[in-house]
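Below is one structure; the comments refer to it alone.
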Number of protein chains: 2
Amino acid sequence: MHKISIKDVAKKANVSITAVSQILNNKGDRFSAETIKKVLQARDELGYVPNSAARNLKVRHSRLIGIIVPSFRMPFFADIIQSMQDNAPEDVNLVFIGSTADNLQSSIYSLVERGVQALIFGRPIPNRDVVNAFLKKRHIPYLVLDQNADINAQDMVQTNEFTGGSLAASHLLSLGHRDIALILPNDLTDNMRQRRAGFLDTLSAANVTPISVISAALSKHGGLAVVHQLIQSQATAAFILNDEMAIGVLRGLTWQNVKVPEDISIVGYDDTDYAEFVVPSLTTIAQPVAEIGQSALNMILQRLAHPNLPYQTAFFDVKLVIRESTAQLSTDQ
Amino acid sequence: MHKISIKDVAKKANVSITAVSQILNNKGDRFSAETIKKVLQARDELGYVPNSAARNLKVRHSRLIGIIVPSFRMPFFADIIQSMQDNAPEDVNLVFIGSTADNLQSSIYSLVERGVQALIFGRPIPNRDVVNAFLKKRHIPYLVLDQNADINAQDMVQTNEFTGGSLAASHLLSLGHRDIALILPNDLTDNMRQRRAGFLDTLSAANVTPISVISAALSKHGGLAVVHQLIQSQATAAFILNDEMAIGVLRGLTWQNVKVPEDISIVGYDDTDYAEFVVPSLTTIAQPVAEIGQSALNMILQRLAHPNLPYQTAFFDVKLVIRESTAQLSTDQ
DNA sequence: TGTTTTTGGTTAAACGTTTTACTTAAAAAT
DNA sequence: ATTTTTAAGTAAAACGTTTAACCAAAAACA
């Protein structure tokens with residue numbers, strides 16, 4: 001029942017607890033080699049593990065960073081958090097939490113209670129002003145991955161969403177398509193609004209407007225649900241703001257015996273792991289996910305080190321990855 | 001810079017810190033309604049958030065549970081942790097960590113340092129005896145999802161892997177297949193060994209042995225890498241121990257113009273989200289992922305409440321989900 | 001009236017660290 | 001031979017809570 005504390009190792013090594021603390025934290029330059037050895041040995045024999053609650057309490061910080069994503073089940077975010085974890089320095093701890101809009105407030109509260117020193121939002125923040133006030137009051141810097149944010153209120157890492165949408169449009173245009181559908185998730189993040197804007201702008205620069213705009217749930221099933229409308233719209237191509245939905249659409253189309261890309265071209269967004277593996281493989285806009293994750297983490301660490309520097313925003317480029325789901329408009333239509 | 005502590009709210013409300021503590025923890029039955037109101041108001045005005053490091057230090061526990069999975073990027077584990085988080089009681093905190101075999105030891109150490117009271121392993125444990133000794137010494141109960149474990153050393157939740165393999169075999173057999181390949185990940189967990197055993201046993205009961213056994217990396221790319229060998233083996237069906245690999249195989253087969261299920265039937269394992277969405281949709285063995293996650297969490301919570309009860313193991317059934325990737329052996333081969 | 005109970009609190013110790021300020025003995029410098 | 005410096009350590013306070021033990025005043029009782 002008794003948990004081994006620093007006292008126990010001090011007693012066993014016959015030194016003060018100060019000595020143990022200093023030595024175990026590599027601040028033991030004033031101690032003799034012999035004492036150091038005694039302490040290390042006592043530590044090992046007892047299997048002492050420091051209590052970080054006590055440590056955090058005393059030093060008044062935790063090196064703990066909270067990461068809030070919408071869901072662990074979305075490959076895009078799974079990639080992000082994996083890359084953060086893989087690149088986190090030894091001495092910082094990450095805590096991931098998947099949080100819907102509903103319980104975002106309580107997630108934040110719980111993280112603050114746990115002592116996070118900074119937060120990274122992988123999802124849009126409803127009630128941004130109250131969240132901002134709450135966090136600012138407690139001097140907890142945060143960073144958001146969405147574009148819907150005041151550039152002077154926090155750090156950001158962004159990708160060039162507008163270009164992404166634009167790339168999709170010009171690709172489809174260059175293949176000769178003019179009857180193009182746009183498929184959106186029901187709830188648009190600001191990132192997605194930018195994608196849409198880029199897409200729409202580029203289309204209209206070529207004097208085309210979408211033949212149809214359809215919304216559905218942001219999921220594979222959402223994509224599935226939309227194929228009937230898509231087929232009826234007579235579109236020869238579709239841009240879908242998200243790979244997961246796109247995969248749903250692909251699936252539905254195959255079941256309806258609509259051939260991709262012969263009958264309709266599809267382009268997705270994100271370049272999720274699976275984009276390469278579906279049949280037909282998915283043309284999509286790739287974001288540098290791993291870099292985004294790393295960069296977000298590094299920026300927030302920087303912020304912790306220099307709280308008063310002006311806010312930064314990192315910018316990443318996207319690129320079009322052409323696979324099998326898009327093709328030249330066939331003339332015999 | 002100054003962080004609001006319980007002292008500040010005590011001062012503001014003009015009461016002792018004991019009063020604040022008791023009232024805020026709903027143990028304030030001895031206090032007058034007026035005092036309670038004063039305290040609550042002071043708390044709200046100051047925006048006081050309790051410091052759980054201090055609390056944990058004092059009460060000597062954390063209600064913190066560590067979950068170790070191989071990777072956030074594997075849909076199977078993403079589902080598991082999501083279901084845990086969705087079902088965790090208000091007062092317990094979960095910390096997820098993706099850890100390879102290499103850094104498992106240091107992950108465990110770091111979690112113990114952070115004060116976890118229990119651990120759930122979603123991955124096999126190399127060096128089980130040292131891990132067991134380490135954890136037992138510190139009275140940290142743990143639970144493993146793999147089958148390679150001493151039933152008397154910790155709680156477990158298992159699925160009927162043997163039956164899973166067996167189901168796959170009899171399905172293929174009943175479709176008339178006799179030339180059946182088996183595709184394995186390079187590193188087999190004990191769960192997978194059981195799958196294999198069930199599969200092989202059922203095959204041999206029908207007097208058939210696999211026409212070929214192939215190993216590759218446990219990933220979509222691993223599956224892809226294997227299709228050449230698979231085609232050369234002349235198998236008319238294959239059982240693949242994992243959906244991700246199976247999806248890779250499916251992909252590769254399509255590129256090689258081998259038709260599934262006309263030319264070859266494929267059955268996977270896990271019934272990952274994507275199984276339903278690939279083309280052709282994947283026949284596979286479904287595990288009740290969400291229930292597994294919940295059950296694991298509940299069991300370990302039980303264990304915390306009753307440390308001395310005998311170890312339990314929960315058992316879940318699997319089922320065969322027939323989709324498009326398997327079909328009757330065509331006679332014209 | 002004097003005694004006991006009840007009501008509504010407060011005091012102070014403890015949890016396991018880190019860190020500042022001391023101490024003491026030996027070595028070096030004068 | 002005294003003083004100063006250095007080397008090697010220790011004592012004790014503090015971080016923010018919780019909780020056991022205590023206390024005073026008012027209410028109830030005899």
Side-chain angles (χ1 to χ4, degrees), chain A residues 1-40 42-43 46-64 91 112-117 138-139, chain B residues 1-40 42-43 46-64 91 112-117 138-139:
Chain A
M1 282 301 123
H2 171 70
K3 258 202 171 182
I4 306 269
S5 82
I6 196 172
K7 274 182 199 165
D8 301 301
V9 5
K11 187 175 297 175
K12 173 150 209 161
N14 239 304
V15 298
S16 69
I17 65 177
T18 303
V20 178
S21 173
Q22 300 274 335
I23 290 171
L24 260 27
N25 289 295
N26 294 320
K27 291 175 180 140
D29 20 355
R30 8 148 104 258
F31 294 94
S32 71
E34 197 193 359
T35 303
I36 294 183
K37 182 180 302 180
K38 276 195 305 183
V39 167
L40 260 26
R43 190 240 346 233
L46 293 171
Y48 166 67
V49 175
N51 176 326
S52 62
R55 164 162 229 283
N56 292 345
L57 178 59
K58 178 62 194 175
V59 303
R60 312 190 60 161
H61 66 246
S62 60
R63 300 293 276 165
L64 186 65
D91 70 330
V112 170
E113 217 176 5
R114 283 167 77 172
V116 292
Q117 290 189 255
R138 288 162 185 79
H139 307 101
Chain B
M1 282 302 121
H2 171 70
K3 261 202 168 183
I4 304 270
S5 81
I6 197 172
K7 274 182 199 165
D8 301 300
V9 6
K11 187 174 298 174
K12 172 149 210 161
N14 239 303
V15 298
S16 69
I17 63 177
T18 302
V20 178
S21 173
Q22 299 274 335
I23 290 171
L24 261 28
N25 290 295
N26 295 321
K27 290 174 182 141
D29 20 356
R30 8 149 101 259
F31 294 94
S32 71
E34 199 192 359
T35 304
I36 293 182
K37 183 180 300 179
K38 277 194 305 183
V39 167
L40 260 27
R43 190 243 342 236
L46 293 169
Y48 167 66
V49 176
N51 176 325
S52 63
R55 165 163 228 282
N56 293 345
L57 178 58
K58 178 61 196 177
V59 303
R60 313 190 62 159
H61 66 246
S62 59
R63 299 293 275 163
L64 185 66
D91 70 329
V112 170
E113 216 176 5
R114 283 167 78 174
V116 292
Q117 290 189 254
R138 288 161 185 79
H139 306 100

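Per chain, numbering begins at 1; letters A, B, ... match sequence-line order.
A donor-acceptor pair under 3.5 Å links the side-chain atoms of Ser16(A) to the main chain of Ala19(A), judged by distance alone. Between the Gln117(B) side chain and the Arg63(B) main chain, a donor and an acceptor come within less than 3.5 Å of each other. With hydrogens and angles disregarded, no donor-acceptor distance shorter than 3.5 Å links the side chain of Ser62(A) to the backbone of Asn56(A).
Between Leu24(A) and Tyr48(A) the shortest side-chain heavy-atom distance falls below 4.5 Å. Residues Asn51(A) and Lys3(A) are not in side-chain contact: their nearest non-hydrogen atoms beyond the backbone lie 4.5 Å or more apart. With a 4.5 Å cut-off on side-chain heavy atoms, Arg43(B) and Ile23(B) do not count as touching.
The separation between Ile6(B) atom CD1 and dA14(C) atom C1' is 15 Å, rounded to whole Å. To the nearest angstrom, P of dC22(D) lies 14 Å from CZ of Arg30(B). Between the C1' atom of dT20(C) and the NZ atom of Lys27(A) lies a distance of 13 Å, rounded to the nearest Å. Going from atom CG of Leu46(A) over to atom C1' of dG16(C) covers 15 Å, rounded to whole Å. In this structure, CZ of Arg43(B) is placed 17 Å from C1' of dG16(D), rounded to the nearest angstrom. If you measure from atom CD1 of Ile23(A) to atom C1' of dA7(D), you get 14 Å, rounded to the nearest angstrom. The distance from atom CG of Asn51(A) to atom P of dT17(D) is 16 Å, rounded to the nearest whole Å. What separates NZ of Lys38(A) from C1' of dG9(D) is a distance of 10 Å, to the nearest Å.
Separating the CD1 atom in Ile4(B) from the NZ atom in Lys12(B) is a distance of 8.5 Å, to the nearest 0.5 Å. Rounding to the nearest 0.5 Å gives a distance of 12.5 Å between CZ of Arg30(B) and OG1 of Thr35(B).
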His2(A) and Asp8(A): side-chain contact (heavy atoms from CB on, under 4.5 Å), yes or no, with the steps? CA-CA 10 Å; His2(A) 171 70; Asp8(A) 301 301; 3.1 Å; yes
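Within a heavy-atom distance below 4.0 Å of DNA chain D, the residues of residues 10-20 of chain B found are Ile17(B), Thr18(B). Less than 4.0 Å separates DNA chain D from at least one heavy atom of each of the following residues of residues 52-61 of chain B: Ala54(B), Arg55(B), Lys58(B), Val59(B).
Which of dG16(C), dT19(D), dT17(D) sits closest to the side chain of Gln22(B) comes down to dT19(D). Here the side chain of Ser5(B) is nearest to one of dG16(C), dG16(D), dG9(C), namely dG16(D). Proximity note for Phe31(A) (side chain, C-beta onward) versus dT19(C), dT10(D), dG8(C): the nearest is dT10(D).
Nucleic acid contact for Ser32(A): sugar-phosphate only, since backbone atoms but no base atoms lie under 4.0 Å from a heavy atom of the residue.
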